[in-house]
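One structure below.
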Amino acid sequence: MRPRPGAVLRLLGVVGAGVLAVGTVVGCSGENQVSSIGYAIDVPITSYNGGSTAGVIGGAPAVFGRVLTGFFYTGPDGQQVADTDAGTAKEVPGESQTIQYRLNPDGVYSDGVPTSCDDLVLAWAARSGRFAQGGAPMFDAADTAGYSEIERVECQPGSKDATVVFRPNQYFVPWRTLFAAGELVPAHVAARAANVANVVSALQTGDSGAVTRLAEFWNTGWTLGADADLSKFPSSGPYRIESFSAEDGVVLVANERWWGNKAETGRIVVFGKGADLKSKVDDKSVGVLDIGADSVRELGTGGFSAKTVPGRGAEQLLLSNSGVFGSVGARRAFALCVPRQALFDELGKVDDAPKSGLGSGPLNSRTVQQDSLFYGPATGAADRYKTTDIPGATSGFASARVPAPTVRIGYLGPDDRRARTVAMIAEACKPAGVTVTDAGSADFTPSRLTEGAVDAVLGSTAVMPGPAGSLSGMTATSALRTDSGLNFGRFGNGRYDAITDQLAADDNSTVQLNLLTESENLLWSEMPSIPLFATPRTIGFADGLQNGVAGPSQGGSGWNMDRWVLKR
């Protein structure tokens, strides 16, 4: 069965800065268990499909990690943890890297259809990048990392077993990030909607008509909206969706067909970015709070055990590679006026900040965690941008032939901390002749950067507005790969792509250090983004909430929501 929070922490051997068991208050005698718990999180809940671009931006793994299970889930400190309730996965001998997956024999979706290897075949096909039309990928996958290295998925339709074989002479070290929670969507639903009799056969043979219909549904068929047909959203976890609205959130109820440990609380209501979180907290509708620090103005946390901790996500500015930032010189010039140290001191530094490690200072990398042994040696190129250099910025824009530029910075609002971030950047860059405008809005999407409506996006790793980042860093590295679904700035560098491939294939520490150093040198030179600080997260558990363990990573603090108990 799936390990409980305490077992997970014992398994890890440590309790890091991001793993705070601050919600373990035991109820007093006479208190009753509350039948429903509200979970407030700062993401726009838009898609059920955690493997799609929309799903990642909408924080699907943090919202639906206990609805759509996978072979692994992101634990409280950003690590991959095996979920044996879903199934088992192990490397087996072979000429090429080979992983044997076995779904739990008792596994069944909430609509009564058994889980099967068909789900793995669909996930692989959608994320592999091998299906294209007119030069563009047919599936709007967030990224192809790892999946693109898979040569084939051996699966008999309807079977519980699958063998994943990677390409000859290829090796993917972080293979545990594949087929994970929130990403394995029900293939039988896609098959029915796309009128495809056999998903496995259609994808393995490349039936163009069937693949086109499957891709169309995979891209948009699991969009959550007012008119969503919830029969297309069956669950493979301890919770299933009962209802959804942008204002009132996603109502999750215990899945009667779940074969693992029964959920401790029968109803969880997830309030996303569209909800009035301040009023929800004030009227005690929220039992668990997981949001960006200082993002909600005048938010009261009375009645909560709350703490602000540095997250695994990298707060950063993702820059366009066109318009005002069409030249590398202009991007470097802007970085010279962005007050990285001041932003950290004012907005990124948490109370009791460590002297070293995660959250100890301005972030000097887009891809390497601050508590990694590689961080210091690999990030020397950031020294040039440690403090602001107004003369350098001014001359840099002049040399790039971009005099008196206007930079529009967008982000998903309302977000008080990010509004203050833009204001501080505007004030710092003004002496260099730069006009910075706040383009944040309640309906903002990162695609506006691609469309040219803004010049930069302010967000966390992969411009996610909410929970982000992991120990593996796969999303961070993938977000700057050429043609990645998350590469909204359209940065492209063949050497960077090759480096990321090598990093994923070779875990030798010397090789890793050399590659990471080269990668950081390249990124600080090309400047597709400007890292600021580890995104601070305010995570709180209501008094009386048991088994709450903070998860300031892409899995969010809802990683073990099925264990939550609230007594009042």
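Side-chain atoms are counted along with the backbone in the values below, which use heavy atoms only and exclude waters and symmetry mates. Predicted model only: the values in this text are computed from it and were never measured. One is the number of the first residue; the rest follow in order along the sequence.
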ask   = Say you draw a straight line from NZ of Lys278 to CG of Asp283; how long is it, rounded to the nearest 0.5 Å?
value = 10.5 Å
query = Is the side chain of Ser557 donor-acceptor paired with the backbone N or O of Gly551 at a distance under 3.5 Å, no angle test?
reply = yes
remark   = Taken to the nearest 0.5 Å, the spacing of Thr367 OG1 from Tyr375 OH works out to 10.5 Å
note = Shortest non-hydrogen pair, Arg127 vs Ala141, comes out as CD-CB, 3.9 Å
inquiry  = Tell me whether the count of non-hydrogen atoms from other residues, nucleotides or ligands lying under 6.0 Å of CD in Glu91 goes above 12.
reply    = yes
note = Looking only at heavy atoms, the pair that brings Asp294 and Asp416 closest together is O-CB, 3.3 Å
task = Check each of Asp248, Val251, Leu252 against Ser243 using the side chain to side chain contact (heavy atoms under 4.5 Å, CB included) test, and report the only one that passes.
result = Val251
task = Could you tell me whether the side chain of Asp143 and the main chain of Ser484 form a donor-acceptor pair under 3.5 Å?
result = no
task = Decide yes or no for Ile99 and Phe179: does some side-chain heavy atom of the first lie under 4.5 Å from some side-chain heavy atom of the second?
result = no
query = For Asn49 and Ser47, does a side-chain donor sit closer than 3.5 Å to a side-chain acceptor?
reply = no
task = Specify the closest pair of heavy atoms between Ser553 and Pro467, including all atoms of both residues, with the distance to one decimal.
result = O-CB, 3.1 Å
request  = Please name the pair of heavy atoms, one in Thr46 and one in Gly58, separated by the smallest distance, quoted to 0.1 Å.
outcome  = OG1-CA, 4.3 Å
request  = Check whether any side-chain heavy atom of Met464 lies under 4.5 Å from a side-chain heavy atom of Thr475, and answer yes or no.
outcome  = yes
task = Classify the ring geometry between Phe166 and Phe172 as parallel (under 30°), tilted (30 to 60°) or perpendicular (over 60°).
result = parallel
key: Non-hydrogen side-chain atoms of Asp85 and Thr69 separated by less than 4.5 Å   = no
query = So, Phe233 versus Tyr109, ring centres under 6.0 angstrom or not?
reply = no
inquiry  = Could you measure the distance from the CG atom of Leu214 to the CG atom of Asn219? Nearest 0.5 Å is fine.
reply    = 10.5 Å
task = Return the orientation label for the Tyr48 and Phe64 ring planes: parallel under 30°, perpendicular over 60°, tilted otherwise.
result = perpendicular
ask   = Is there a donor-acceptor contact under 3.5 Å from the side chain of Ser148 to the main chain of Thr144?
value = yes
ask   = Heavy-atom distance under 4.5 Å between the side chains of Leu545 and Val288, does that happen here?
value = yes
key: Worked verdict on Leu412 versus Val43 for side-chain contact (heavy atoms from CB on, under 4.5 Å)   = CA-CA 9 Å; Leu412 181 65; Val43 295; over 6 Å; no
task = In sequence, state the C-alpha distance, the side-chain angles, and the governing distance for Gln546 and Glu264, and then conclude on side-chain contact (heavy atoms from CB on, under 4.5 Å).
result = CA-CA 10 Å; Gln546 301 173 21; Glu264 295 283 1; over 6 Å; no
Any donor-acceptor N/O pair, Arg192 side chain to Lys232 backbone, under 3.5 Å = no
request  = Test side-chain contact (heavy atoms from CB on, under 4.5 Å) on Gln316 and Leu318 and set out the steps.
outcome  = CA-CA 6 Å; Gln316 59 188 303; Leu318 179 65; 5.6 Å; no
inquiry  = Quick one about Gln554 and Arg312 (side-chain donor to acceptor, distance below 3.5 Å, no hydrogens or angles considered), yes or no?
reply    = no
request  = Decide if atom CZ of Arg448 counts as having more than 12 heavy atoms of other residues, nucleotides or ligands within a radius under 6.0 Å.
outcome  = yes
query = Hey, mind stepping through Val463 and Ile57 against side-chain contact (heavy atoms from CB on, under 4.5 Å) and telling me if it holds?
reply = CA-CA 7 Å; Val463 296; Ile57 297 302; 4.2 Å; yes
Sequence-distant partners of Trp124, ring pair (Phe, Tyr, Trp, His ring centres under 6.0 Å), two or more places apart = none
Interatomic spacing from CZ in Phe71 to CG in Asn104 - rounded to 0.5 Å = 9.5 Å
Results of ring pair (Phe, Tyr, Trp, His ring centres under 6.0 Å) for Tyr411 - residues two or more places apart only = none
inquiry  = Counting C-beta onward and ignoring hydrogens, is there a side-chain heavy-atom pair between Val286 and Leu277 closer than 4.5 Å?
reply    = no
key: Flag, side chain of Arg417 to backbone of Ala293, donor-acceptor distance under 3.5 Å   = yes
remark   = Residues Ala162 and Leu120: closest non-hydrogen pair is CB-CD2, 4.0 Å
ask   = Does any N or O in the side chain of Asp119 come within less than 3.5 Å of the main-chain N or O of Ala187, such that one atom is a donor and the other an acceptor?
value = yes
inquiry  = Looking at Asp106, I'd like to know if its CG atom is crowded, meaning that more than 12 non-hydrogen atoms belonging to other residues, nucleotides or ligands lie closer than 6.0 Å.
reply    = yes
ask   = Is the closest side-chain heavy-atom distance between Trp564 and Tyr39 below 4.5 Å?
value = yes
task = Examine distances only and state if a side-chain atom of Thr265 and a backbone atom of Ser36 form a donor-acceptor pair shorter than 3.5 Å.
result = no
query = Do Arg537 side-chain atoms and Asp290 backbone N/O form a donor-acceptor pair below 3.5 Å?
reply = yes
request  = Using a 4.5 Å cut-off on heavy atoms from C-beta on, say whether the side chain of Leu532 contacts that of Leu458.
outcome  = yes
ask   = So how far is it from Tyr101 OH to Cys155 SG, rounded to the nearest 0.5 Å?
value = 13.0 Å
query = What are the two closest non-hydrogen atoms of Arg418 and Asp415, and how far apart are they?
reply = N-OD1, 3.1 Å
request  = Mind checking the OH-CD1 spacing from Tyr239 to Ile268? Nearest 0.5 Å is all I need.
outcome  = 4.0 Å
task = Consider only side-chain N and O atoms of Thr74 and Gln80, and report whether a donor and an acceptor are under 3.5 Å apart.
result = yes
request  = Indicate yes or no: at least one non-hydrogen side-chain atom of Glu256 is less than 4.5 angstrom from one of Arg240.
outcome  = yes
request  = Say whether Asp140 and Thr53, considering side chains only, have a donor N or O and an acceptor N or O under 3.5 Å apart.
outcome  = yes
message = So does Ile291 get a backbone contact from the side chain of Thr538, meaning a donor-acceptor N/O pair under 3.5 Å?
response = no
Donor-acceptor contact present, side-chain Asp118 to main-chain Gly158, <3.5 Å = yes
